[in-house]
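These numbers come from the heavy atoms of this one structure, side chains and all, not from hydrogens, waters or symmetry mates.
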Amino acid sequence: MAYDHKAIEAKWQERWESEGIFHTHVDPSRPKFYNVAMYPYPSGELHIGHVRNYTYIDLITRYKMMQGYNVLSPMGWDSFGLPAENLAIETGIHPRISVENQIARMKEHFRKLGAAFDWSRELASHDPAFYRWDQWLFLELFDRGLAYKATAPVNWCPRDQTVLANEQVVDGACERCGTLVEKRNLAQWFFKITEYADRLLDDLDGLDDWPDRVRTMQRNWIGRSEGARFGIEVEGMDESFEVFTTRPDTIFGMTFCVLAPEHPLVGKLIAGGENEGVARDYITRAARESEIERMAEGDKTGVFTGRFAVNPVNGQPVPIYIADYVLMGYGTGAIMAVPGQDQRDWDFATKYGLDIVRTVQPPADWDGQAYLGDGGTINSGFLNGLDQLAAKERIIAWFEEQSIGDRAIQYRLRDWLISRQRYWGCPIPMIDCPECGLVPVPRDDLPVELPDVEDFAPQGQSPLATVEEWVITTCPECGGEARRETDTMDTFVDSSWYFFRYTDPNNSEAIFDPDKADYWMPVDQYIGGVEHAILHLLYARFVTKFLHDIGLSTVDEPFMRMFTQGMLVKDGAKMSKSKGNVVPPDRYYEGYGADALRLFELFVGPPTDDAVWNDSGVPGTKRFLDRVWKMGTASHGFSERAPNHADAELIAATHRTVKKVTEDIDRFHFNTIVSSLMALANEFQTYLSGEPRAEAFDEAYKTMILMLAPAAPHISHELWELRNYQGMLAREPWPTWNEDLVTEATVTMVVQVNGKVRDRVEVASDISPEDAEELALSLEKVQGWIDGASVSKVIARPPNLINFVVG
RNA sequence: GCCCGGGUGGCGGAAUGCAGACGCGAGGGGCUUAAACCCCCUUGAGCCGAAUCGGCUCGUGUGGGUUCGAAUCCCACCCCGGGCACCA
C-alpha cells in the first residue's frame, strides 16, 4: 500500500511552521551550528538542480539539530541583477515586481520541499533595508582608501549605444543586434582587494575543511609571483618602459621585447615607422577581442614596431614587438622575451625568425623547445655558472646598484571593478561636486534609494542618469548643486556579506550587532555550486577580513567548512532555461512526494560531482519509502519465541548502519547513506519473512526512522507519531551505535596467490598473522595454485587479506 | 590558451588490498479474468567442463610505469565539464 504522501507532507509542513521549530535565537548555553546555502537568484522557477542543493543543506540542518546543536539555517534572495533587468527591458515590468513575484513562487517551492529554514531572518538584496548597508560598506571602504575611481574599459555596442556585460557579447558581437562590440574607457569604481592579496593567499592554508581544488583555484587566481621589475631604454629615443619578470636571471637571453597593444608607449614607437599602418590595424583588431579570445588563439601573433630596445646588461639592441598575448592588465603590460626559457616566447621567436639564446644549460638530449628547469647559467657574463636562485639574487643586486630596477612581487589578482552601468543594482552613494570633487553621501542620508525610471535600457550610462530630479542634488559639503553617481554596484557586493546580515537581519541602526555576529560566525557549513569557487568566495573572504579590521567581526574568515556541489545535467547538457531542459520539481510533489524527491536528489550521485537526471529515479525512491511505510504500519504476526541469532543479527545490522550513515553524513557521502538505508530495509524484509519478534523489530525500526528523519522528514515524522513515540521527531537525539555490536566476530578473508584472488575463507576477526597464514596455506585451491613452488614472500593483512608471492 | 575537476556494466553509481554495493532499466516467473501495483529470480564480456553447479581468462578512457598487489599512486596522450574577473 502506498502511503498518502500529499496529506502527510502538508500536515507536517503545517506543524513545523506553526510550532516554529526552526526559529533560532542566540543561546550561549548550547553549541551553535551556522548552516548556509548560497542564497539563490530568484529566477522564479526552482528546478531540480536547486533542489539538490537545498536538500543537502536541509539534511545537515536536521541532522545537526538532532545532534543537539543550536542550528541557524537562513534563506534569502540575491535579487539584484541582469535577468530581472533584461525582463524589464523586454516587457516594461518593473524588476521589483517581477522579482518579488518570483520570490513568492520560490518560497512556495521551498515549503513544499519541507525545507527547514528560519524564515524570520529572510532577506533580499534589492530591499533598501538591506542595500543601505552595501552603501555603508562602500563608504567604510572609501574612507580607508579601499574604494577608488579609475578608468577601465567596458564592452560597448555602437549601434544600441549601451554597455554590455561579457555574457551579452557573443563571438565579439552584441548578442541582440550582432554589431561588433568595441572597448570604451569609462571612469569606474574599484575595491582595492589587491591590498589584501597576501592575507587572502596565506589564510587559505588554515582552511583545512575546504576542498583542495577550491583552495588551489584561489591560490592560482591570486597568482603571487616573485621576481624583479626594471626599466628598459628605447634606442634612439628618450623613452623607456618597465617590465616585470619572474626570471631576471635569464636577462642575457632577452632577444626581443613585447608590449601589449594598449601600452601607452606604443603610439610613439610606431609613429612614422615603416610598420605604422600594419601596427594600427593590429591594435584595432586586438581591442575588439576579449582577453579570453586573445589568450585562446593557439598561434601567437604580433607586429614589429620598427624600434629597438637596449638590453641593459649587455647593451645589445633587441626588436620591440606588440603582441596580444601580453595583457595591459597584468604586470606592467610589457615583457622581456626570453625564448630560451619561456615556451610562449619560444613559439613567438620561431614564428617571426627571432634569435634564441639559451642562458640555462638544458639536459643533453633537450631540443626543440624552451627549457624551464634549473641547470646552471650560461652565455650570461657575470652570471655564468650560478644556479637559478643565486643568479636571481645577483642580477637583482646589479639592478639596484645601477638604479634601474629592484625586487618585486606581482599578483595576477586585479582590483575588483564594482561599477555597473545598470539600473537593477544598489546605487553607489557618492556625489560629484564641481567645487568639492567626489563627496560621500553622509551616513544619515542612507539609503540612497533606487528611483523609478521610464526606460530600463542602458544608454551609454546607467539608466539612472536619465532621472534628472534624482541625479541633481546638493553637495553635502558646500551645499552647491552637484550630481549623484549613476553607476550601481556589482551584485557580488551584496553576496560578499549577506551571511553577516542573517545574524541580525532587522537591525536598522547598524549593518549588524557585533555580539550577535560573534555568536553565529563563522559559518560552520557553506554550500553552493563549484562555479562560485573563485570570485564569490574570494570577495566574501575579502569583505570579512575588512569587517574584521574595522572591529565589527571577531573572525577574519567567513566559512569554516566549504562544500561545492556538482551540477545536474540532463540530455547531455547543464540544466538551464536557455537549453530548455529544465526539470521543475512540481511534477514529483504530486505523484511521489517531496520525501521521494529529496531521497533521489541525495541518491543521484556523489554531491561533489555533476549528476545526470533520470526520470525513473524518483519512482525508485518512492518504492523504497512505500516499503518502509508498509513495514511500519502492517501487522506482522510476531512470534513469542525466545530471542535467537536472527534477532541479534537484525540489531547488529542496524548498529552497523547507524555507524555508516553517521560517518557518511559527516564526510558528505549523501548518496551512500540512501544505499545503506535501502540495504537495511532489505535486511528487515528478510527478518520479517522468518519468525520475527516484536521487541527486536521495534527497536531496529525505531532506529531506522531516526536515521531517515533528516533525509525524508515528512514520512519519518508521521511514522514516529503513528508508532506512538513521544515528542517531535525533529527534536529527538540522533542514534548512536555500540561498537561491540558493529564489530563482527568472523569475517571473510581473501586469499591471493601472486595478487590474484584464489580463495576465500571465514576467519575470526582477531586472527593472528601466523594462524591466518597456516589456515590459508592449508586450503586446497591455494595449494593447487602454489603447486609445489616455493613461497618467496607472504603479505598478511589479517583478517581481510593474505597474499602469497610465488616464484 | 591558462587554472581546476572528471572518465568504472545498457544507465546513475559503489569500492583506498575481493571491481560492479545500492538503485534504475531490461529479461524471465508469480499474483490477477486482465492490467497496474506488489513479490521472486537473472543481468560486465568471453570461455572451459561430466553444465542452475564448479572453474578459467579478460575487464575501470588510451599507452606506459611503480608495486607482492593499481579503478585507486606516477608519466604521457585522448575526451568531457567548471572557471577565466560585467551571468549568478
Could you tell me whether Arg758(A) contacts a base, only the sugar-phosphate backbone, or nothing, with contacts defined as non-hydrogen atoms closer than 4.0 Å?
-> sugar-phosphate

Short N-O contact, Asp626(A) and Lys622(A), less than 4.0 angstrom | yes

How about Lys183(A): does its NZ atom have over 12 heavy atoms from other parts shown lying under 6.0 Å from it?
-> yes

Give the nucleotide from the list A85(B), C22(B), C87(B) with an atom nearest to the side chain of Leu82(A).
-> C87(B)

Using a cut-off of less than 4.0 Å, is there contact between a side-chain N or O of Lys781(A) and OP1 or OP2 of G55(B)?
-> yes

Using whole Å, report how far CG of Asp626(A) lies from C1' of G23(B).
-> 15 Å

Hey, are Asp664(A) and Thr672(A) close enough side-chain-wise for a donor-acceptor pair under 3.5 Å?
-> yes

Without hydrogens or angle criteria, can the side chains of Arg420(A) and Gln188(A) be said to hold a donor-acceptor pair below 3.5 Å?
-> no

Assign Trp416(A) to base, sugar-phosphate, or nothing according to its heavy-atom contacts below 4.0 angstrom with the strands shown.
-> nothing

Is the shortest distance from a Lys or Arg side-chain nitrogen in Arg344(A) or Asp347(A) to a carboxylate oxygen in the other one below 4.0 Å?
-> no

How is Gln188(A) classified with respect to the nucleic acid when contacts are heavy atoms under 4.0 Å: base, sugar-phosphate, or nothing?
-> base

Charged N to carboxylate O under 4.0 angstrom, Glu683(A) versus Arg656(A)?
-> no

Can you check the Asp615(A) CG to C24(B) C1' distance for me, whole Å?
-> 12 Å

Have a look at Arg623(A) and say if it touches a base, only the backbone sugar-phosphate, or nothing, with a 4.0 Å heavy-atom cut-off.
-> sugar-phosphate

Would you please classify the geometry between the Trp416(A) ring and the Phe191(A) ring as parallel, tilted or perpendicular, with 30° and 60° separating the classes?
-> perpendicular

Would you mind classifying the nucleic acid contact of Gln752(A) as base, sugar-phosphate or nothing, using non-hydrogen atoms under 4.0 angstrom?
-> base

With respect to the side chain of Ser616(A), which nucleotide from G25(B), A85(B), G23(B) is positioned closest?
-> G25(B)

Measure from the side-chain heavy atoms of Ala165(A) and tell me the nearest of C68(B), C87(B), C3(B).
-> C87(B)

How far, in whole Å, is A88(B) from C73(B) if one measures between their P atoms?
-> 37 Å

Taking only the side-chain heavy atoms of Trp785(A) (C-beta and beyond), determine which of U57(B), C87(B), G25(B) contains the nearest atom.
-> U57(B)

Between G28(B) and A14(B), how far is it from one P atom to the other, in whole Å?
-> 31 Å

What N/O pairs connect the protein and nucleotides 7-16 of chain B at under 3.5 Å? Give each pair on its own line.
residue	atom	partner	partner atom	Å
G12(B)	O2'	Val604(A)	O	2.5
G13(B)	O3'	Asn671(A)	ND2	3.3
A14(B)	OP1	Asn671(A)	ND2	2.6

With sugar-phosphate meaning primed atoms plus P, OP1 and OP2, does Phe492(A) contact a base, only sugar-phosphate, or nothing at under 4.0 Å between heavy atoms?
-> base

Met217(A) CE - G82(B) C1' separation (whole Å) | 7 Å

Residues, nucleotides or ligands: over 12 heavy atoms within 6.0 Å of Glu762(A) CD = yes

With the side chain defined as heavy atoms from C-beta on, Leu417(A) is closest, among C86(B), C68(B), G23(B), to C86(B)

Could you check which of A19(B), C87(B), U57(B) has an atom nearest any side-chain atom of Pro83(A)?
-> C87(B)

Sticking with atom P, work out how far G17(B) lies from A76(B), rounded to a whole angstrom.
-> 25 Å

Answer with base, sugar-phosphate or nothing: what part of the nucleic acid does Leu413(A) contact at a heavy-atom distance below 4.0 Å?
-> base

Which is true for Ser419(A) with a 4.0 Å heavy-atom rule: it touches a base, it touches only sugar-phosphate, or it touches nothing?
-> base

For atom CZ of Arg176(A) and atom P of C86(B), their distance in whole Å = 19 Å

Interatomic distance at C1', G13(B) relative to G44(B), whole Å = 15 Å

Indicate the ring-plane relationship of Tyr526(A) and Tyr498(A), choosing parallel, tilted or perpendicular according to the 30° and 60° boundaries.
-> tilted

Closest nucleotide among G55(B), G82(B), C18(B) to the Val530(A) side chain = G82(B)

With no angle test and no hydrogens, is the base of C86(B) tied to the side chain of Gln421(A) by a donor-acceptor pair under 3.5 Å?
-> yes

Separation of the C1' atoms in U72(B) and G59(B), to the nearest angstrom = 16 Å

Enumerate the protein-to-nucleotides 41-52 of chain B contacts in which both atoms are nitrogen or oxygen and the separation is below 3.5 Å.
none

Dot-bracket for RNA chain B, 5' to 3', counting Watson-Crick or G-U wobble pairs under 3.5 Å, with [ ] for crossing pairs and | for inter-strand pairs?
-> (((((((..(((....[....)))((((((.......))))))(((((.....)))))..(((((..]....))))))))))))....

What interatomic distance, in whole Å, is found between C1' of C22(B) and the corresponding atom of U8(B)?
-> 15 Å

Out of G69(B), A85(B), G23(B), which has the shortest distance to the side chain of Asn682(A)?
-> G23(B)

Can you measure from CD1 (Ile48(A)) to CG (Asp615(A)) and round to the nearest 0.5 angstrom?
-> 7.5 Å

To the nearest angstrom, the OH-C1' distance between Tyr41(A) and A88(B) comes to 9 Å

Does any N or O donor sit under 3.5 Å from an N or O acceptor when you compare the side chain of Arg213(A) with the base of G5(B)?
-> no

If you look at every strand shown and take non-hydrogen atoms under 4.0 Å, does Val674(A) touch a base, only sugar-phosphate, or nothing?
-> nothing

Nucleotide C4(B), atom P - distance to CG of Leu537(A) in whole Å = 17 Å

Using a 4.0 Å heavy-atom cut-off across all strands, classify Lys622(A) as base, sugar-phosphate, or nothing.
-> nothing

Taking atom P of C18(B) as reference, at what distance in whole Å does atom CZ of Arg797(A) sit?
-> 13 Å

Have Asp415(A) and Tyr148(A) got a donor and an acceptor in their side chains that come within less than 3.5 Å?
-> yes

At under 4.0 Å between heavy atoms, what does Asn166(A) touch on the DNA or RNA strands: base, sugar-phosphate, or nothing?
-> sugar-phosphate

Gap in Å between the two C1' atoms, one belonging to U43(B) and one to G64(B), rounded | 35 Å

Base, sugar-phosphate alone, or nothing: which one does Ile534(A) contact when heavy atoms must sit under 4.0 Å apart?
-> sugar-phosphate

Output the distance between atom CD1 (Ile222(A)) and atom CG (Leu538(A)), rounded to the nearest 0.5 Å.
-> 5.0 Å

Please state the C1' separation for the pair U33(B) and U42(B) - nearest whole angstrom.
-> 29 Å

How is Arg627(A) classified with respect to the nucleic acid when contacts are heavy atoms under 4.0 Å: base, sugar-phosphate, or nothing?
-> sugar-phosphate

Between P of G54(B) and CD of Glu780(A), the distance in whole Å | 15 Å

Which listed nucleotide (A19(B), A85(B), C86(B)) is nearest to the side chain of Leu535(A)?
-> A85(B)

